[in-house]
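Just so it is clear: chains get the letters A, B, ... in the order the sequence lines come, proteins before strands, and each one is counted from 1. Since the structure is predicted, the reported quantities are computational estimates derived from the model, not experimental observations.
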Amino acid sequence: MNNNPNPPVTAPTSKKQSSTEDIRHIVLQQLSSIPIGKVCTYGDLAKLSGYPSHSRFVGSVLRKLPADTKLPWHRVINGQGRISFPQDSTAYNKQLSRLESEGVIMLNGRVDLKVYRIRL
DNA sequence: GATATGACATGTT
DNA sequence: CAACATGCCATAT
């Protein structure tokens, strides 16, 4: 099967310059495509969205998400396989429990990216 | 416009 | 493995 359920989005080639709002929308759309039980890094999500150097921007997008969002923000972790929140924070614990409830195991505060990271 | 700040990434020490 | 340095890019002041 060659049809990829999660195709990388090509950066717009049209003349219209893409606003950050446009990019944000693409990022959120790609985020919604991360399957249950899998994770991706901020950089992966940026790449999927067609903006490989925007890992930091992805973080700022997620930060602004409403608390009641249905999007799987918890499936996004950093390149070290760690949760990008202070260990003692409630946000950290929330993300951890959500991940484990999906079968993503964390050992020594780290996810095995070799196992759980999505394939680009 | 200059600086500082982030839910980042990667390479070097 | 940890600490540090650089690069990156949008936001806020």
Side-chain angles (χ1 to χ4, degrees):
Chain A
M1 296 215 216
N2 56 356
N3 109 4
N4 185 341
N6 189 13
V9 170
T10 27
T13 56
S14 84
K15 351 177 168 42
K16 252 175 84 85
Q17 76 165 3
S18 49
S19 71
T20 64
E21 266 300 294
D22 296 333
I23 303 178
R24 187 182 71 89
H25 204 252
I26 296 173
V27 167
L28 295 182
Q29 184 172 332
Q30 291 300 311
L31 170 61
S32 70
S33 74
I34 306 297
I36 298 173
K38 283 288 189 179
V39 302
C40 80
T41 71
Y42 296 87
D44 289 343
L45 190 45
K47 201 171 292 188
L48 280 173
S49 304
Y51 297 86
S53 64
H54 286 58
S55 53
R56 254 186 141 140
F57 174 69
V58 167
S60 75
V61 168
L62 297 191
R63 179 165 45 96
K64 294 173 198 155
L65 282 177
D68 60 5
T69 182
K70 302 293 185 287
L71 293 172
W73 56 268
H74 56 279
R75 295 178 195 147
V76 186
I77 61 183
N78 64 37
Q80 308 170 57
R82 298 178 168 285
I83 288 176
S84 292
F85 282 117
Q87 257 205 332
D88 47 17
S89 67
T90 56
Y92 181 99
N93 292 317
K94 186 170 191 171
Q95 184 167 9
L96 175 60
S97 71
R98 284 196 182 201
L99 284 175
E100 298 201 317
S101 75
E102 294 185 350
V104 177
I105 312 297
M106 294 200 73
L107 284 180
N108 304 321
R110 304 175 71 217
V111 166
D112 189 345
L113 290 177
K114 291 273 206 184
V115 176
Y116 298 102
R117 192 183 204 171
I118 61 174
R119 290 290 199 171
L120 302 180

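Of the P atoms belonging to C:dT6 and B:dA7, the separation is 23 Å, rounded to the nearest Å.
When each of A:R56 and A:K64 is assigned the nucleotide of DNA chain C bearing its nearest heavy atom, the one mapping closer to the 5' terminus is A:R56.
From the 5' end on, the contacts that DNA chain C makes with chain A at under 4.0 Å to a non-hydrogen atom open and close at C:dC1 to C:dT11.
A distance-only check finds a donor-acceptor pair linking the side chain of A:K38 to the backbone of A:V115 [under 3.5 Å]. A donor-acceptor pair is defined here as one N or O able to donate and one able to accept, closer than 3.5 Å; such a pair exists between the side chain of A:R75 and the backbone of A:I34. At least one donor-acceptor pair under 3.5 Å links the side chain of A:N78 to the backbone N or O of A:Q80. In this structure a side-chain-to-backbone donor-acceptor pair under 3.5 Å is present from A:Q95 to A:V76.
By the side chain to side chain donor-acceptor pair (under 3.5 Å) test, A:S19 pairs with A:D22, sequence neighbours left out.
Between the P atom of B:dC8 and the CG atom of A:L31 lies a distance of 15 Å, rounded to the nearest Å. Residue A:K94 contributes atom NZ, which lies 14 Å from atom C1' of B:dA7 at whole-angstrom precision. Going from atom NZ of A:K47 over to atom C1' of B:dA9 covers 10 Å, rounded to whole Å. Rounded to whole angstrom, the span from the CG atom of A:D44 across to the P atom of B:dA7 amounts to 19 Å. Between the OH atom of A:Y42 and the P atom of B:dA9 there is a distance of 8 Å, given to the nearest Å. Across the protein-nucleic acid pair, A:I77 atom CD1 and B:dC8 atom P stand 12 Å apart, rounded to whole Å. Rounded to an integer number of Å, the gap from CZ of A:R24 to C1' of B:dG6 is 17 Å. In this structure, A:I83 atom CD1 and B:dA7 atom P are separated by 14 Å, rounded to whole Å.
Among the protein residues, A:S55 comes within range of the nucleic acid bases, having at least one heavy atom under 4.0 Å from a base atom. Residue A:S53 is classed as a sugar-phosphate contact, given heavy-atom separations below 4.0 Å to backbone atoms only. Using a 4.0 Å heavy-atom criterion, one finds that A:F57 contacts the sugar-phosphate atoms exclusively.
Among all heavy-atom pairs drawn from A:I77 and A:R82, the shortest one is CB-O, 3.4 Å.
Here the CD1-OG distance, from A:I26 to A:S49, works out to 6.5 Å after rounding to the nearest 0.5 Å.
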